[in-house]
*Asks:* 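Could you have a look at this structure, given as structure tokens, before my questions?
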Protein chains: 2
Amino acid sequence: MTKRTTTTLDYALLGLLHQSPQSGYDLRKIFETMAMGSFSGSPGAIYPALGRLEREGLIKGEVDATTALRPKKVFRPTKAGRQTLTNWLLREIERDDVERRVDELLLRFAFHWVLDNKTATRRFLESFSSEVEGYLEALNRQQRQLPVETPLHARLALTAGIEQYRACARWARKALKEF
Amino acid sequence: MTKRTTTTLDYALLGLLHQSPQSGYDLRKIFETMAMGSFSGSPGAIYPALGRLEREGLIKGEVDATTALRPKKVFRPTKAGRQTLTNWLLREIERDDVERRVDELLLRFAFHWVLDNKTATRRFLESFSSEVEGYLEALNRQQRQLPVETPLHARLALTAGIEQYRACARWARKALKEF
DNA sequence: TCGCACATGTAACGTGTTACATGATTCA
DNA sequence: TGAATCATGTAACACGTTACATGTGCGA
């Protein structure tokens, strides 16, 4: 039996539960209210995810029958869960993360407070901005070498992507000053 | 039998095939080479997708045995396929698209040249920037109303998101001048 | 002869989506 | 009475991921 790969949703749940133990319903409302990347908070996503995490021993739920109309199941991360979270936070940033999972990287950054380690955060931001700038160079090259027949719309769409990454790079440099 | 929902990958394929008829292998290479959002171009994704589109009559493939080492199957969109594509391009932009599918919107824009209709493109960009700006207001409100105990990292992550959307808004205004 | 580029596909697997089910309590 | 909120869950379904299978021709 090979271990399943932990999804971004799993990490998001782990991070939120680290912040404060809460129920599936509470978590769903956070996803609905807050701008957390593109998580949906649909029951069909989060309850099964919580179930998996509990089966794997990364979180532990206990029923709180006191307050609620219907008994709540409040989850909190286990030691193993906290370890999994920090491993994720400290993971090396790959070019591929920057190319296709910027949202996940930003989520990772958001939970970096968990580490309470300025050095780690600085390293993260340095690595992030250097990867982003590397990718920006690739995008600029791509833009210059676009075939002549490339329609204007397609060119502009590429600049939109470039501008988004530039915004990320600027943000990272500014954020770095805070640590 | 309810009709399945056309995925973003389907539209991407439809758009690329509209640009020029080509094989699955050609398409895969485009996804690998070009920065097209987060498409992978893995065979397990694109061949089944082409199969579905062909079954639904949106594209039509014919085998070209002449040139290649191994016979190529070259696909081109049908009339219905072109119609599906334009319907997608002209679809009203919803707040939800902006919140969770900016990439798809940019892809849509990239294929707008298909319409060859400056008015439609202008409408798209106007609608896009107005939705983005509306969402930006919501994000700014969210930022102001962040609970006091919100960790710095989480605050900064939110500003990263805001900066990305700002970049989009700026881009849209600039792009608008081209049409 | 080894590996790479060309070229198309399938199988297992897990995840998210949508829609449904359930049921108590509060409020108009 | 009916609707909304709280609260948890399941079932069908389809998609993408990873890994595998297959086979030709070219260059080192």
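By convention in this document, chain letters (A, B, ...) are assigned in the order of the sequence lines, proteins followed by strands, and residues within each chain are numbered from 1. The basis for the numbers below is simple: all heavy atoms, side chains too, and nothing from hydrogens, waters or symmetry mates. Every value quoted in this text rests on a predicted model; they were computed, and no experiment measured them.
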*Asks:* Is there a side-chain contact (heavy atoms from CB on, under 4.5 Å) between Phe75(A) and Leu53(A)? Walk through the geometry before answering.
*Replies:* CA-CA 10 Å; Phe75(A) 294 93; Leu53(A) 290 171; over 6 Å; no
*Asks:* Starting from P on dG14(C), measure out to CG on Leu9(A) and report it in whole angstrom.
*Replies:*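 That distance rounds to 17 Å.
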*Asks:* Going by the side chain to side chain contact (heavy atoms under 4.5 Å, CB included) test, name the single residue among Leu176(A), Leu106(A), Asp97(A) that passes it with Phe128(A).
*Replies:* Leu106(A)
*Asks:* For the pair made of CG in Asp26(B) and C1' in dA5(C), what is the distance, rounded to whole Å?
*Replies:*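 One finds 13 Å between C1' of dA5(C) and CG of Asp26(B), rounded.
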*Asks:* To the nearest Å, give me how far apart CD (Glu104(B)) and P (dC15(D)) are.
*Replies:* 14 Å
*Asks:* Is the phosphate of dC6(C), meaning OP1 or OP2, less than 4.0 Å from a side-chain N or O of Tyr25(B)?
*Replies:*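 Yes, such a contact exists.
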*Asks:* Check the distance between dC13(D)'s P and Arg4(B)'s CZ and give it to me in whole angstrom.
*Replies:* 16 Å
*Asks:* Rounded to the nearest Å, what distance is computed from the CZ atom of residue Arg52(B) to the P atom of nucleotide dC13(D)?
*Replies:* 16 Å
*Asks:* Among dA7(D), dT17(C), dT10(C), which nucleotide has an atom closest to any side-chain atom of Ala45(A)?
*Replies:* dT17(C)
*Asks:* Does a donor on one side chain and an acceptor on the other come within less than 3.5 Å for Trp88(A) and Gln83(A)?
*Replies:* no
*Asks:* Scan Ser42(A) against the nucleic acid and name what it touches under 4.0 Å (heavy atoms): base, sugar-phosphate only, or nothing.
*Replies:*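 It contacts base atoms.
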*Asks:* Quick one: which of Phe179(A), Phe124(A), Trp113(A) gives a ring pair (Phe, Tyr, Trp, His ring centres under 6.0 Å) with His153(B)?
*Replies:* Phe179(A)
*Asks:* Reckon Thr7(B) has a side-chain N or O less than 4.0 Å from the OP1 or OP2 of dA14(D)?
*Replies:*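 So the side-chain polar atoms of Thr7(B) never come under 4.0 Å of the phosphate oxygens OP1 or OP2 of dA14(D).
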*Asks:* Can you tell me if Asn87(B) and Thr84(B) form a side-chain donor-acceptor pair at under 3.5 Å?
*Replies:* no
*Asks:* Whole angstroms only, please: what is the NZ-C1' distance between Lys73(B) and dT10(C)?
*Replies:*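 The distance from NZ of Lys73(B) to C1' of dT10(C) comes to 14 Å, rounded to the nearest Å.
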*Asks:* Measure from the side chain of Pro43(B), starting at C-beta and using heavy atoms only, and say which of dA7(C), dA19(D), dT8(D) lies closest.
*Replies:* dA19(D)
*Asks:* Would you mind reading off the distance between Leu50(B) atom CG and dT8(C) atom C1', rounded to a whole angstrom?
*Replies:* 11 Å
*Asks:* Tell me which nucleotide among dA7(C), dG9(D), dT17(D) gets nearest to the side chain of Ser40(B).
*Replies:*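 Taking heavy atoms from C-beta onward, the closest nucleotide is dT17(D).
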*Asks:* Report the nucleotide, chosen from dT10(C), dT17(C), dA19(C), that has the shortest atom-to-atom distance to any side-chain atom of Arg100(B).
*Replies:* dT17(C)
*Asks:* Mind calculating the distance between CZ (Phe75(B)) and C1' (dA7(C)) to the nearest angstrom?
*Replies:*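 Atom-to-atom, Phe75(B) to dA7(C), this comes out as 12 Å.
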*Asks:* With heavy atoms under 4.0 Å as the rule, sort Gly24(A) into base, sugar-phosphate or nothing.
*Replies:* sugar-phosphate
